[in-house]
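First the structure, in the form of structure tokens, and then the observations on it.
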Amino acid sequence: MHTVSISHVAQHVGEEVKIKGWVYNKRSSGSLFFLIIRDGTGFIQAIVAKDEVSDKDFQGCDGLTQESSLVVCGVIKADKRAPGGYELLVTRIRPLQIAEEYPVSLKKHGVDFLMDQRHLWLRTPRQAAILRIRHEIISGIRDFFDNRGFILIDAPILTPSSCEGTTTLFSTDYFDSTAYLSQSGQLYMEAAAMALGKVYCFGPTFRAEKSKTRRHLTEFWMVEPEMAWVDLDGNMELQEELVSHTVQRVLEERKKDLETIQRDIGRLKDIKPPFPRISYDEAVECLNKNGVQFEWGNDFGGGDETVLAEQFELPVFVHRYPSNIKAFYMKPDPVRPEICLSADLLAPEGYGEIIGGGQRIDDLETIMRRIKEHSLPEEAYTWYTDLRRYGSVPHSGFGLGIERAVAWICGLDHIRETIPFPRLMNRIYP
RNA sequence: UCCCUGGUAGCUCAAUGGCAGAGCAACCGGCUGUUAACCGGUGGGUUGUAGGUUCGAAUCCUACCCAGGGAGCCA
């Protein structure tokens, strides 16, 4: 008798099979037990009838508790009364371990409790569905780049100093000096792009900011492509293709999981290029027209981003921000040096910035001036400025926040559910 | 760091100055098609912590701790 996964039971109707899993729920009715069994791929109702199994097996069912592990044998049958449409008529049942009283019940729980039980919370249908969608998003992104000739380059996680010199970094002891956990692989990707043309990194990112909002984690994952010979327009084109490809892939491959989490997929279906593009100037005008007091030169807050995104059905690019609210390496606009060739992509439905990127400064004099203006330690950036000494070319790139993308595509109201074990300002357990 | 809200049984909540309560979970019993099954029964409490006001505090006051939401900062 061979083991089948619950997701494949439809192909085994009438056969006697083995299922290895856990008890999700149990109901009994005198001489019948209804066990809802899960195996990580799905859920199936198992019927244990007194007349169909040994007395020992039947009595054993009485002691089964929520999340007990077991191996059951039985015949797959289609039945309208069963949740999912199929059920298992049990012939043999072997408990492996009887679970202790399980903390996470099928009833309602509060966030604090669930976060403390995150290792067990992952077993619930909703959390498992989100993690499968996260996997699909990640694999969709990797396939997108791999199929377009990008080379995966792993950026270092331990770094000697800040990449951008602004945000708060986590520090750690590094022999007799201090190292910092990476907040971006971008500068290293610029070096790699000059070696290999089109590259990307995909790794964790760390920010020690004391942010307590539904959009922030202290540890999150980011994909950062970087391309030689590509300008701002080419950069935005790649972004809209990447985002559309990823959304369509999830719609095709994870329909069932989207149903499980009750995501309204109406607006996701239309996510296809081209995305609207507005300049920072136009965005400021748009905010003022919508009753938001906003002054040219400031950066957008969460609320401002939502107002802007609400004007469009699709994700929207906001490009050409003032240079002094962006990172030091953003290339100034040749006709208006006070603004730069940067672009952020704002997701619809209030999910905010999911991509930040732009064209980089490729001129040695300009990059040296910007490093001085930002009071960055010049020696630490020698390798970076070397890229402008030895065959500099126009180049662009961006960073896509995986968790924010997952939150948007899944329609979640908090980023903490998008990652298996979230790290927040005041939470590092489990 | 600042602002707002909250903390009562394992979990989710009620009790607003006067006997500490319910549903679920656990345990015992019943039921041959249940759908977060249902029905009957049992056990379960330092009301976040420390002070204070009061004849009397879960309830009012002060400080602290913890959590949630937001601001700033950011993807």
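Letters A, B, ... are given to chains in the order of the sequence lines, protein chains preceding strands, and every chain is numbered from 1. Computed from heavy atoms alone, side chains included, the values below leave out hydrogens, waters and symmetry copies. What you see is a predicted model; the values in this text were computed from it and never measured.
A distance of about 15 Å separates the C1' atoms of B:rA25 and B:rC13, rounded to the whole Å. Annotation: B:rG52 and B:rA58 have their P atoms spaced 15 Å apart (nearest Å). When the P atom is used for both B:rC64 and B:rU1, the distance is 12 Å, rounded to whole Å. For the P atom pair drawn from B:rC24 and B:rC61, the interatomic distance equals 35 Å after rounding to whole Å. If you take atom C1' in B:rU46 and the same atom in B:rC4, they sit 30 Å apart, rounded to whole Å. Rounded to the nearest Å, the gap between the P atom of B:rA67 and that of B:rC60 is 23 Å. B:rA15 and B:rG23: their C1' atoms are spaced 15 Å apart (whole Å). Between B:rU49 and B:rG6, the distance separating the two C1' atoms is 16 Å to the nearest Å.
For the strand RNA chain B, secondary-structure stems (runs of at least three Watson-Crick or G-U pairs, all distances below 3.5 Å) span B:1-7 with B:65-71, B:10-13 with B:21-24, B:26-30 with B:38-42, B:48-52 with B:60-64.
Here the C1' atom of nucleotide B:rC73 and the CZ atom of A:Phe206 are 19 Å apart, to the nearest Å. Between A:Ile325 atom CD1 and B:rG72 atom P there is a gap of 13 Å when expressed in whole angstrom units. As rounded to whole Å, 13 Å separates atom C1' of B:rA71 from atom CE of A:Met425. Protein atom CG of A:Leu169 is 17 Å distant from nucleotide atom P of B:rC73, rounded to whole Å. Whole-Å rounding puts the A:Arg427 CZ to B:rG68 C1' distance at 10 Å. Rounded to an integer number of Å, the gap from A:Leu424 CG to B:rG70 P is 12 Å. Taking atom CD of residue A:Glu224 and atom P of nucleotide B:rC74, one finds them 16 Å apart after rounding to whole Å. Distance A:Glu305 CD to B:rG72 C1': 14 Å, rounded to the nearest Å.
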Polar pairs (N or O, both sides) under 3.5 Å between protein and nucleotides 27-32 of chain B?
| residue | atom | partner | partner atom | Å |
| --- | --- | --- | --- | --- |
| B:rC31 | N4 | A:Ser28 | OG | 3.4 |
| B:rU32 | O4' | A:Ser29 | O | 3.4 |
| B:rU32 | N1 | A:Ser31 | OG | 3.1 |
| B:rU32 | O4 | A:Asp51 | OD2 | 3.4 |

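Residue-level contact check: A:Ile354 touches the backbone only, with heavy atoms under 4.0 Å from sugar-phosphate atoms and none from bases. Looking at heavy-atom distances under 4.0 Å, A:Gln45 makes contact with a base. At a threshold of 4.0 angstrom between heavy atoms, the contacts of A:Ile36 with the nucleic acid are absent.
Between A:His414 and B:rG68 there is no side-chain polar atom (N or O) within less than 4.0 angstrom of OP1 or OP2. Dashed line: the shortest gap from a side-chain N or O of A:Asn25 to OP1 or OP2 of B:rU34 is not under 4.0 Å. Look at A:Asn426 and you won't find any side-chain N or O under 4.0 angstrom from OP1 or OP2 of B:rC66. Applying the 4.0 Å criterion to OP1 and OP2 of B:rC73, one finds that A:Arg215 has every side-chain N and O outside that range. Between A:Arg416 and B:rG69 there is a side-chain polar atom (N or O) within less than 4.0 angstrom of OP1 or OP2.
Cation-pi contact between A:Arg142 and A:Phe202: present, with separation from the ring centre below 6.0 Å and deviation from the ring axis of at most 45°.
In this model, a donor atom of one side chain and an acceptor atom of the other lie less than 3.5 Å apart for A:Asp39 and A:Thr41. One side chain, A:Gln127 or A:Arg118, offers a donor N or O that lies under 3.5 Å from an acceptor on the other. For the residue pair A:Glu224 / A:Ser184, a side-chain donor-acceptor distance below 3.5 Å is found, with atom types taken as modelled. Checked by atom type, the side-chain pair A:Gln186/A:Tyr329 shows a donor-acceptor distance below 3.5 Å.
Not a single donor-acceptor contact under 3.5 angstrom links the side-chain atoms of A:Thr213 to the base of B:rG69. For a distance-only test at 3.5 Å, the side chain of A:Ser211 fails to qualify as a donor-acceptor partner of the base of B:rC74.
By the 4.0 Å N-to-carboxylate-O rule, A:Glu16 lies too far from A:Lys77 to be salt-bridged with it. Salt bridge absent: A:Arg207 and A:Glu209 never bring a charged side-chain N and a carboxylate O closer than 4.0 Å. A salt bridge links A:Glu417 to A:Arg126: one of the charged nitrogens lies within less than 4.0 Å of a carboxylate oxygen. Using a 4.0 Å cut-off between a side-chain N of Lys or Arg and a carboxylate O of Asp or Glu, A:Asp57 and A:Lys50 do not qualify as a salt bridge. In this structure, A:Arg336 pairs ionically with A:Asp281, as a charged nitrogen and a carboxylate oxygen lie closer than 4.0 Å. A:Glu373 has a carboxylate O that lies under 4.0 Å from a charged side-chain N of A:Arg370, or vice versa, which qualifies the two as a salt bridge. Salt-bridge check for A:Glu67 with A:Arg38: passed, with a basic side-chain N closer than 4.0 Å to an acidic carboxylate O. Contact check on A:Asp413 versus A:Arg214 returns no salt bridge, with no Lys/Arg side-chain nitrogen under 4.0 Å from an Asp/Glu carboxylate oxygen.
Across residues 103-123 of chain A, A:Leu106, A:Lys107, A:Lys108, A:His109, A:Gly110, A:Asp112, A:Phe113 each have a non-hydrogen atom less than 4.0 Å from an atom of RNA chain B (numbered order). A heavy-atom distance below 4.0 Å to RNA chain B is reached by none of the residues of residues 10-21 of chain A.
Sequence neighbours left out, the pairs with a member in residues 28-47 of chain A that pass ring pair (Phe, Tyr, Trp, His ring centres under 6.0 Å) are A:Tyr24-A:Phe43, A:Phe33-A:Phe58.
Remark: A:His12 pairs with A:His2 by the ring-ring contact (aromatic ring centres under 6.0 Å, His included) rule, at least two apart or across chains.
Taking for each of A:Tyr102 and A:Pro83 the nucleotide of RNA chain B with the nearest heavy atom, the 5'-most of the two is the partner of A:Tyr102. Both A:Asp79 and A:Asp299 sit near RNA chain B, but only A:Asp79 has its closest nucleotide nearer the 5' end.
Closest approach to the A:Arg214 side chain among B:rC74, B:rG69, B:rU34 is made by B:rG69 (side chain taken as heavy atoms from C-beta onward).
In this pair, A:Tyr280 and A:Trp296 present their aromatic rings perpendicular. The plane angle is above 60°, beyond the 30 to 60° band. In this pair, A:Phe150 and A:Tyr200 present their aromatic rings perpendicular. The plane angle is above 60°, beyond the 30 to 60° band.
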